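Given the structure is predicted, the values throughout are model-derived calculations rather than measurements.
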Amino acid sequence: MMQVGTDKPSREEVEGLDYSFYDEFTPNQDISVLDFQKEGRAKIEECEKKGKDLLVVGGTFLYVKALLFPYYFPKEEKVPHKSKYDSYSLEEMQEELKKRSPETYSLIDTKNPRRVIRALEQLDDGTKREEILSQNNGKPLYPCKFYGIQIDKDEGNKKIDDRIDSMVKGGLFEEAKKLYLAYPISSRPFSTIGYQEIFACYKEGEEPDETTVALIKTHTHQYAKKQRTFLRHQFADLLTLGSKEEIRSLLEKELSEKRE
C-alpha cells in the first residue's frame, strides 16, 4: 500500500531484516509525530533491553528529532478539530504565515495544509515555531550517532527528478487513483507531496499529466531545501559522507569493533 508514492523498499529488499513501521498502518489511520514518538521509543527501549543495535533511517527529519531527543509538543491535538483557517486556501495560509513569521515559514513543509494550520494556530497562541525548536535542543535520549550523505544541490535535484520519473513509470498515477477511490481524501498521508498534486487533478475531474509531474518535482525541490535547513539547525553532530556505501562501510567497521 502506497508502495510507489512513498518509494519504500520492496518486500524482497527487506527480506531477512528485523524492521518496524512497514505497512503497519492504513492511509486513513491518523498517525501523528507524537504517535510515532511513543511507539518508536518503545521499540528502542525494547532493543536496548536485548542489547541490540538498531538503525533509524529515512523519512522526515522532524520525526527523527522527535523520536531521539527531548521534544516538546505544545497543546497537541489528538483528534481533528475545527480551525478558523479551514476556510482559507493553502496559498492564503502560506502568505499569512510568511508575513507573520518568515522564520517559521522557512522551517516547515508549507505544502502540507495541516502543518501550515498548526503553525498559524501556534502563532495565535503566541508561540513561534523557532521558539518551539529552541526548546528541543537538548542531548539525545539514547546513545546514538547521525550519518548523512553530502551531495551537491544540483546533483540532488537531478536525483529527485530521476526518482520521480521512475515512480511515474512504476505506476504512481495508477496507485494514487486506487487510493483516491478507496480512502477519504482528508487522510493525513494524502497531504504529502506527490499524492497532493495528483489528488488535486482528480478533484477537478482531470487526469494527472506532465504538468503534474513538473509540479511534484518543484515542490520536492523546495521541500529538500527545507530539510537541508532543518538538518543544519537541528543535527549539529551529523557526520556527512559521500555515499550510502561509505556509510555502510563505516557502520560495519564500528559495529565490528564494538563486538570484539
*Side-chain heavy-atom pair L141, L67 within 4.5 angstrom cut-off*: no
*Does the pair K253 and E257 meet the rule for a salt bridge (charged side-chain N to carboxylate O under 4.0 Å, His left out), with working shown?*
CA-CA 6 Å; K253 179 176 181 292; E257 291 174 350; 2.8 Å; yes
*Determine the minimum heavy-atom distance between P113 and L90, stating which atoms define it.*
CA-CD1, 4.1 Å
*Ion pair check, D154 and K159, cut-off under 4.0 Å*: no
*asked:* I need the single residue from D161, T212, D165 that forms a side-chain hydrogen bond (donor to acceptor under 3.5 Å, both in side chains) with K217. Which is it?
replied: D165
*asked:* Contact between I193 and N112 at the side-chain level, heavy atoms closer than 4.5 Å - yes or no?
replied: no
*Centres of the Y195 and Y180 rings: under 6.0 Å?*
no
_Parallel, tilted or perpendicular: ring planes of F61 versus F235, cut at 30 and 60 degrees_ = perpendicular
*asked:* Run the side chain to side chain contact (heavy atoms under 4.5 Å, CB included) test on V56 and Y63 for me, step by step, so that the C-alpha distance in whole Å, both residues' side-chain angles and the decisive distance to 0.1 Å come before the verdict.
replied: CA-CA 10 Å; V56 178; Y63 280 58; over 6 Å; no
_Any side-chain heavy-atom pair of L62 and Q234 under 4.5 Å_ = no
_Taking the side chain as everything from C-beta on, heavy atoms only, tell me whether F146 gets closer than 4.5 Å to L239._
no
*Using 4.0 Å as the upper bound for N to carboxylate O, is an ion pair formed by E96 and R100?*
yes
*asked:* Please report the interatomic distance CZ(R41) to CD(E48), rounded to the nearest 0.5 Å.
replied: 11.5 Å
_Surrounding CG of D152 (heavy atoms of other residues, nucleotides or ligands, distance under 6.0 Å), is the total greater than 12?_
yes
*If you draw a 6.0 Å radius around CG in D18, do more than 12 non-hydrogen atoms from other residues or ligands fall strictly inside?*
no
*Can you tell me how far the CD1 atom of I160 sits from the NE2 atom of H219, to the nearest 0.5 Å?*
13.0 Å
*Is there a side-chain contact between Y202 and E207, using heavy atoms and a 4.5 Å cut-off?*
yes
*Who passes side-chain contact (heavy atoms from CB on, under 4.5 Å) against T211, sequence neighbours left out?*
D209
*Salt-bridged, R248 to E252, with N to O below 4.0 Å?*
yes
_Charged tip of K8 within 45° of Y22 ring normal and under 6.0 Å_ = yes
*Considering non-hydrogen atoms only, spot the tightest contact between Q196 and S191 and give its length.*
NE2-O, 3.2 Å
*Taking only Lys NZ, Arg NE, NH1 and NH2, and the carboxylate oxygens of Asp or Glu, determine whether E95 and K99 approach each other closer than 4.0 Å.*
no
*Provide the closest heavy-atom pair for V213 versus I164 in the form atom of the first, atom of the second, distance.*
CG1-CG2, 4.1 Å
*Candidate pair L231 and T240, rule side chain to side chain contact (heavy atoms under 4.5 Å, CB included), full reasoning*: CA-CA 11 Å; L231 273 177; T240 55; over 6 Å; no
*Got Y147 and L251 here, is their nearest side-chain heavy-atom distance under 4.5 Å?*
yes
*Run the salt bridge (charged side-chain N to carboxylate O under 4.0 Å, His left out) check on E121 and R118 step by step: do they pass?*
CA-CA 5 Å; E121 290 178 337; R118 189 74 191 107; 3.6 Å; yes
*State plainly whether the residues R11 and E15 are in salt-bridge range, i.e. N to O under 4.0 Å.*
no
*Of all heavy-atom pairs between S186 and R114, which one has the smallest distance, and what is that distance?*
O-NH2, 3.3 Å
*Could you grab the distance from atom CD of E39 to atom OG of S20, nearest 0.5 Å is fine?*
9.5 Å
*Shortest non-hydrogen contact from M93 to V116?*
CB-CG1, 3.6 Å
*cation_pi(K177, F199) dist<6.0 Å, angle<=45*: no
*Quick one: CZ on F36 to OG1 on T60, what's the gap to the nearest 0.5 Å?*
9.0 Å
_Check: L123 and L97 side chains under 4.5 Å, non-hydrogen atoms_ = yes
_From CG (N157) to NZ (K225), nearest 0.5 Å_ = 10.5 Å
*Calculate, to the nearest 0.5 Å, the distance between atoms NZ and NE2 belonging to K153 and H221 respectively.*
10.5 Å
*Do you know the tightest heavy-atom contact between N28 and P184?*
CB-CD, 4.3 Å
*Check step by step if side chain to side chain contact (heavy atoms under 4.5 Å, CB included) holds for I117 and D86.*
CA-CA 8 Å; I117 288 176; D86 288 341; 4.0 Å; yes
*For the residue pair M2 and P27, establish whether any side-chain heavy-atom pair is separated by less than 4.5 Å.*
yes
_Using a 6.0 Å cut-off, check whether atom CD of E24 has over 12 heavy atoms from anything other than its own residue._
yes
